[in-house]
Student: 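Questions regarding the structure given below will be posed in turn.
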2 protein chains.
Amino acid sequence: MSSRSQTIADTLTRAIIDHRLVPGCKLGERELAEIFDVSRIVVRQALIRLADDGLAQIERNRGAFVARPSMQEAMEIYDALTLVEQGVAAQLSDRLGPAGWAELRQHVERQRQAVAAGNDALADVLGQEFHTVFVRLSRNKVMQEIHAQLVRRTTLLRSLITADFDYCNLLDDHSRVVDLLEKGRLKQAMDLIDTHHRTVVRGYIMDREVFPEMTPAEALAPYLDGKADAATTSAGLRQAKPSGNGDGAAHAHVHLPNEDRAPTSRASTKKTNRGLPT
Amino acid sequence: MSSRSQTIADTLTRAIIDHRLVPGCKLGERELAEIFDVSRIVVRQALIRLADDGLAQIERNRGAFVARPSMQEAMEIYDALTLVEQGVAAQLSDRLGPAGWAELRQHVERQRQAVAAGNDALADVLGQEFHTVFVRLSRNKVMQEIHAQLVRRTTLLRSLITADFDYCNLLDDHSRVVDLLEKGRLKQAMDLIDTHHRTVVRGYIMDREVFPEMTPAEALAPYLDGKADAATTSAGLRQAKPSGNGDGAAHAHVHLPNEDRAPTSRASTKKTNRGLPT
DNA sequence: AATCACAAGATTGGATACCAATCAATGATT
DNA sequence: AATCATTGATTGGTATCCAATCTTGTGATT
């Protein structure tokens, strides 16, 4: 088994991806040490890993927080993602064999069935996974890791953002990309990938604030020993198991930089994280 | 100032880039703790950072070693590098203004002058730097960091490899890429980038072994307090300041997996790291 | 009442000492 | 000579302690 700091880092990453830990949330050493029942040092090592991954931000003598990417950084992440996926598309259009195309088609089909069945949660997961499968077919582990890191960071953005776009259009993009690529129409496929991401970004409107709906202890509870139902719960925060108090008043540990903090309606958070476009 | 583990990680990274710490070299916690005069914990945090960066490999209960990428991984790294630089090239051909092209040309010119002056060390550094400047012009910090990490990992390969190629051809590639891009001949520029990297990789022949010529303590000595002349010494090991014994007999701390270890001539190491193609 | 300064508390970054588990190398045994 | 067991060294991790810094709350002042 790998080191304990790695597993803790993985758990925190999972919680961030699942939007149970939201940007700006304070990750106190002592608090996490208690939650995971390890020493502070192991926690600090885990936080270093998160920070290296771009998911956390460590401020000297102030502690670690879930990263709060700026709008600028959001654009850069999506630009990088586009660049990587376009490059992989170019490689695949040359090198991919029939089995590869079949796998992609099969994945798209699975997602389509999930949508048809009204299983939005599964559809969202599959939608995310498509990009991962796509890059995996390049058979380049280095590239895979880079891409996976970028994808992880986009999940941060989805917490900061009010999605507002036509969900159905995006759903077909995956299928069309596969079609275009297999037909050798690389240029059009790359343009579609660009448009795909650009549509997502354009639908994004950075909110100024995000309020955590639970404390880290509550957020991390599902992962602790039960080996949590990770994949299925990644759709939203709604069906969370608060394991105790259900009062959503816990605004604890929010990190807000010195900005104009207009008392916006907290309801905006409710509308966030609806669809998870990919 | 940032955390101490970060500065130690930076120093180790610098030493690896400078080929003072070679792949397979053991990075013992206690040893490094003494060298840097810190506790083992700080060292371990630094090693975690190195491992996350792909420059070190931590084996449970065995310790950390400078990473020893396989031939497969080497190809993947260069593939990823090609993909990134081709993508950046595509972006620049659209978006780059006159000032940007001027900066690239100026950089190429500086390198040409260095070559003309016979200053191979400076030429090598500038050759590396060209790629960095190239990516920086994309104005995408996320992409820059990804690229920089890939470049760092290529320096590992140069320790493992006996360079054997036509050095002069590669020198002009940078200039030609700039020319092609500015003229809008994107496709050709991308092909040239591909060929550029492919030529480098083809010239590589993975050696089975690399023998460190000094202990970590010797390797790290130049960086310790004098704030070392980092940039200028990155050409090779030759003008190193061993700060003490000059006997190159110290084969200490080599990590060799269970492989057929033919007693090859140690002289191969001498021929390595001549030109640093980029 | 509002603001500023200061002191107390809390948190982080780090050091030290210590322990258990594991790997490696040595020596003992057959 | 080959194999097995023991010993030593190293790592992963804990607990405790300390200094520096940040936050907060209180109180004095205007």
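Below, chains carry the letters A, B, ... as their sequence lines are ordered, and counting in each starts from 1.
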Student: Taking the nucleotide of DNA chain D with the closest heavy atom to each, which residue, B:N61 or A:N61, is nearer the 5' end?
Tutor: B:N61

Student: May I have the distance from B:E29 (atom CD) to C:dC18 (atom P), rounded to whole angstrom?
Tutor: 18 Å

Student: Should A:E31 and A:K26 be marked as a salt bridge (charged side-chain N to carboxylate O under 4.0 Å, His left out) after you check the CA-CA gap, both sets of side-chain angles, and the distance that decides it?
Tutor: CA-CA 10 Å; A:E31 188 175 6; A:K26 163 116 200 197; over 6 Å; no

Student: Checking all strands, does A:L47 fall into the base, sugar-phosphate, or nothing category for heavy-atom contacts under 4.0 angstrom?
Tutor: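 If one applies the 4.0 Å heavy-atom cut-off, A:L47 turns out to touch nothing in the nucleic acid.
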
Student: For B:A46 and B:I8, which heavy atoms make the closest approach, and how far apart are they?
Tutor: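 In terms of heavy atoms, the two residues are closest at CB-CG2, 3.7 Å.
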
Student: On a heavy-atom basis, which atom in B:R60 and which in A:S3 lie closest, and how many Å separate them?
Tutor: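 So the two residues come closest at NH1-CA, 3.7 Å.
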
Student: Distance check needed: D:dT21 P versus A:I58 CD1, whole Å only.
Tutor: 18 Å

Student: Considering residues, nucleotides and ligands other than A:R152, do more than 12 of their heavy atoms fall under 6.0 Å from its CZ?
Tutor: yes

Student: With no hydrogens and no angle check, is any side-chain donor or acceptor of B:E76 less than 3.5 Å from a backbone partner on A:K141?
Tutor: yes

Student: How long is the line joining CG of A:L32 and C1' of C:dT11, in whole Å?
Tutor: 13 Å

Student: Taking CD from A:E59 and C1' from D:dT21, how many angstroms apart are they, rounded to a whole number?
Tutor: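 Roughly 13 Å, once rounded to whole Å.
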
Student: Examine D:dT23: is either OP1 or OP2 under 4.0 Å from a nitrogen or oxygen in the side chain of A:R62? Give yes or no.
Tutor: yes

Student: Grab the CD1-C1' distance between B:I8 and C:dG14 for me, whole Å please.
Tutor: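 In whole Å, C:dG14 C1' lies 11 Å from B:I8 CD1.
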
Student: On the nucleotide C:dA10, are OP1 or OP2 found under 4.0 Å from the side-chain N or O atoms that A:K26 carries?
Tutor: no

Student: Whole angstrom is fine here: how far is it from CD in B:E34 over to P in C:dT16?
Tutor: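 Atom-to-atom, B:E34 to C:dT16, this comes out as 12 Å.
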
Student: I'd like to know if the side chain of A:D18 and the backbone of A:R20 have a donor-acceptor N/O pair within less than 3.5 Å.
Tutor: no

Student: Test your reading of the model: is there a side-chain donor-acceptor pair from A:N140 to the backbone of A:V142, 3.5 Å cut-off?
Tutor: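 Checked: pair present.
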
Student: Can you give me the N/O atom pairs linking the protein to nucleotides 13-15 of chain D at distances under 3.5 Å, or say none if there are none?
Tutor:
residue	atom	partner	partner atom	Å
D:dG13	OP1	A:R4	N	2.8
D:dG13	N7	B:R44	NH2	3.2
D:dT14	OP2	A:S39	N	3.3
D:dT14	OP2	A:S39	OG	2.7

Student: Roughly, in whole Å, what's the span from CZ in A:F65 to C1' in C:dT11?
Tutor: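 Between C1' of C:dT11 and CZ of A:F65: 10 Å.
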
